[in-house]
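What follows is one structure encoded as structure tokens, with my remarks underneath.
On a predicted model such as this, the values are computed, not experimentally measured, just so you know. Every heavy atom of this structure was used, including side-chain atoms; hydrogens, water molecules and symmetry mates were not.
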Amino acid sequence: MDDQISPAASPFHKGEQDAQTRAGKRDRMETIGKMAIRDFMPEQHRNFFEQLPFIVIGSVDDQGWPWASILSGGEGSIVSPSDRQLVLNAKPLAADPLSKGIEAGAPIGLLGIELGTRRRNRMNARVARYDNGEIHLDVVQSFGNCPQYIQTRDVNFIRPARAEITREEPDHFRTFDAAAQTLISESDTFFVSSYISRENGARSEGVDVSHRGGRAGFVKVEGNTLTIPDYSGNNFFNTIGNFLMNPKAGLIFPDFQTGDVLMLTGTVDLLWEDAPEIAAFKGAERGWRFALDHGIRIADALPFRAKFGQWSPNSLMADDWATSQARMDAEKNRVAWRSLQVVGIKDESSVIRSFEFAATDDIPLLPFEAGQFLTLRVDPENAPELTRSYTVSSAPGDANYRISVKREPSGTVSNYLHNNLRVGDIITAKAPNGAFFLDPKAERPAVLIAGGVGITPMMAMTRHVLNEGLRTRYVRPLTIIHAAQTTEQRAFYGEFRKAEALAPEKIRYLSVIGRPRKDEQQAVDFDASGYVTKGLIQQALLLDDYDFYLCGPPAFMQAIYDMLRALGVADSRLFAEAFGPASLSRAQDAGPRPAAAIKPVAGKARVRFDKSGLETTWKRGDETLLATAEAQGLSPAFSCRNGTCGNCATKKLAGDVTYNAPVTAAHDTDEVLICCAVPAASSETLVLDL
């Protein structure tokens, strides 16, 4: 960060600005930065620093290597004589590079962190003088920091902070030994220092030091290289911005149980969001690799111990490297059936019951988007094996999958699930799929309109938006309109009201009850009665630019779609759940659309199902490949039978296909939507992975 602040000047240097631009945060952060970054300490910051028994410091040695240190002075060791001064009454250990880096004019980065409360504040400063064991600092920049990814710990000093003790000789190294690798790979907390100088092309120089936290195992050790995910933070990009201009870092890994510290310095390579390992790591926005140049191990360096308290909720929403790798391996078999165990059952209404599923092995459940569906395969007694798809009502960040199923009077599978499934039972399922989902990062407000059990994807979407708000501090505005026949049949009412309370300026929920009881009151037990009407929608929505998501019975969705189109909503702004029989008749937006090329249909072709070893002859006029497979006794997954859900996507091993109807579901080039596909004229033999 720059060392001069004025109303006209940016508080961010070029590296930080470039990182903000890449993340799409540049304009917003410029405004926020000028308000949040000060050249003095607010009273709150002064009081905060003065109560800290230790502080984290970033410095640079005479060879230009950055270091991160933990300086412990004990209670009362930090004093703020004025809002532009801080005095540290603490002495670095002789082996700590900080002991040689404190000289008048030297830039210093400071992080005050209170592990018991997750509070932290940052400062960039310059050394005014260092005498009699006191470090006098002049404030350059002072700003607050969020509590994300900080695990709580109870700090207890086991000796006076400045007590002289006998300890082992410091260990200087250039390669990680087994003990260092173990400490790093098991850590959930470390601190990183970075800096820029005029030699880096900056107009000024400064040092920054920051906290990094996550699940134990969030730092991957490979030889002398560490790979570290970078999560969503305050979007200042102080560390990443410094790396862009000067790819060097100083790291300190404290062992809070023994008091040992591992101090490292080396070089950095940035990993952006498109790097495969970052894209697969849940919670990571980007990352970086650290290559060790040299390091120091100091035994019993800390005069305190810090007992683990609680995980940060943000840490628990992110991966560790072992889980990320296991999920990457499992992703290769996303289309495969796997066993899941019922671990929870809950009635959401008089007709809707939720079933929660967990993995039966050590392979993590595959990720999904909020709004996608899970395909189950069941074997009811005295009935053939059946597959059905149900929207996942849990959020993508949850540990398990949850579906919420309405008992349909004539529904073979829904009745089987309600009547027979018990906690502990094993079912077979495919990983979630589908093209109906919501992007929580989008800035356009979204309106979720559901009828009956169509509320299930809206529940997943709402919870996902809230979770991402906790992680990224951006909550996409949502309006949820839920129509149900009665309050007894209405599901997730309490969860939606809780969501409103958690984000009252961003989330609004409207309950529309078709037949309220006489003892139920509007504005108390529900928000409107009867049907979802144009007037209700116009009254609920004050703006005119929304994305609309629809889910419910086919007639309900078609009516809402037609209503919104009549209100002038573009077809491109309307998204609808499409598996099962619910497929909208759409009125396309104006403008020319290129005609899709249709391949000629084969007159006759051999169709071979590779896994089962079955083979048959298909002739023009025969049914789809799905029907052909079923005629051979196979039971491929399917749902919509109209090419909109993608659930029937099957790998094509040889040959080519064409479609007897337009398909919209996303699928890979080597996949076939067999519910609508037939052999193409160019194929004498078609081989499918069935």
Side-chain angles (χ1 to χ4, degrees), residues 1 10 12-30 32-33 66 146 148-149 184 190-196 200-202 208-215 217-251 264 266-292 314-315 317-325 327-329 331 367 369 396-397 439-443 467-468 471-474 476:
M1 304 179 73
S10 172
F12 302 108
H13 62 64
K14 183 180 185 302
E16 293 163 330
Q17 292 172 355
D18 288 348
Q20 291 165 4
T21 298
R22 181 166 188 135
K25 308 290 184 181
R26 178 73 195 103
D27 293 341
R28 181 168 176 262
M29 295 317 301
E30 187 67 21
I32 292 174
C146 61
Q148 297 180 111
Y149 302 99
I184 294 170
F190 74 92
F191 302 95
V192 54
S193 175
S194 59
Y195 80 100
I196 59 166
N200 303 131
D208 180 81
V209 68
S210 180
H211 166 275
R212 289 294 186 270
R215 288 180 183 266
F218 82 109
V219 180
K220 180 166 62 175
V221 186
E222 296 174 299
N224 293 319
T225 300
L226 310 180
T227 305
I228 298 146
D230 194 71
Y231 304 132
S232 177
N234 60 9
N235 294 315
F236 285 7
F237 293 106
N238 308 132
T239 301
I240 298 296
N242 283 354
F243 287 165
L244 282 171
M245 300 189 72
N246 181 23
K248 292 183 178 180
L251 280 59
L264 316 172
T267 56
V268 169
D269 285 318
L270 287 172
L271 300 170
W272 296 106
E273 62 280 354
D274 52 356
E277 60 265 62
I278 297 302
F281 195 103
K282 186 169 69 174
E285 303 282 336
R286 62 201 65 81
W288 44 286
R289 283 199 180 95
F290 171 85
L292 174 70
N314 299 78
S315 295
M317 286 193 290
D319 267 345
D320 56 66
W321 284 105
T323 302
S324 178
Q325 184 60 52
R327 189 179 292 109
M328 286 180 69
D329 294 340
E331 192 71 45
E369 301 288 351
D439 179 5
K441 298 178 182 179
E443 295 186 359
N467 287 346
E468 286 298 285
R471 192 177 69 84
T472 67
R473 289 179 295 172
Y474 169 71
R476 184 177 183 181

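- There is a side-chain donor-acceptor pair under 3.5 Å between E16 and N238.
- Annotation: ring pair (Phe, Tyr, Trp, His ring centres under 6.0 Å) contacts of Y231 (sequence neighbours excluded): Y149.
- The side-chain hydrogen bond (donor to acceptor under 3.5 Å, both in side chains) test with N242 singles out one residue from S210, S194, S193, and that residue is S194.
- Remark: E369 engages Q372, F437 in a side chain to side chain contact (heavy atoms under 4.5 Å, CB included) (not counting sequence neighbours).
- For R28, the CZ atom counts as loosely surrounded, since its 6.0 Å shell holds 12 or fewer non-hydrogen atoms of other residues, nucleotides or ligands.
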Evaluate the salt bridge (charged side-chain N to carboxylate O under 4.0 Å, His left out) criterion for residues K220 and D320: first the C-alpha distance (whole Å), next the side-chain angles of each, then the deciding distance (0.1 Å), finally the verdict. CA-CA 9 Å; K220 180 166 62 175; D320 56 66; over 6 Å; no

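- Scanning for salt bridge (charged side-chain N to carboxylate O under 4.0 Å, His left out) contacts around E468 gives R471, with sequence neighbours left out.
- Each of K441, R22, R286 was evaluated against E273; a single residue qualifies, R22, per the salt bridge (Lys or Arg N to Asp or Glu O under 4.0 Å) test.
- A distance of 11.0 Å separates CZ in R327 from CG in D329, rounded to the nearest 0.5 Å.
- Side-chain atoms of Q17 never come within 3.5 Å of backbone atoms of R26 as a donor-acceptor pair (strictly under, hydrogens ignored).
- For the residue pair T227/E277, the side-chain donor-acceptor check at 3.5 Å is not satisfied.
- For the residue pair D18 / T21, no side-chain donor-acceptor distance below 3.5 Å is found, with atom types taken as modelled.
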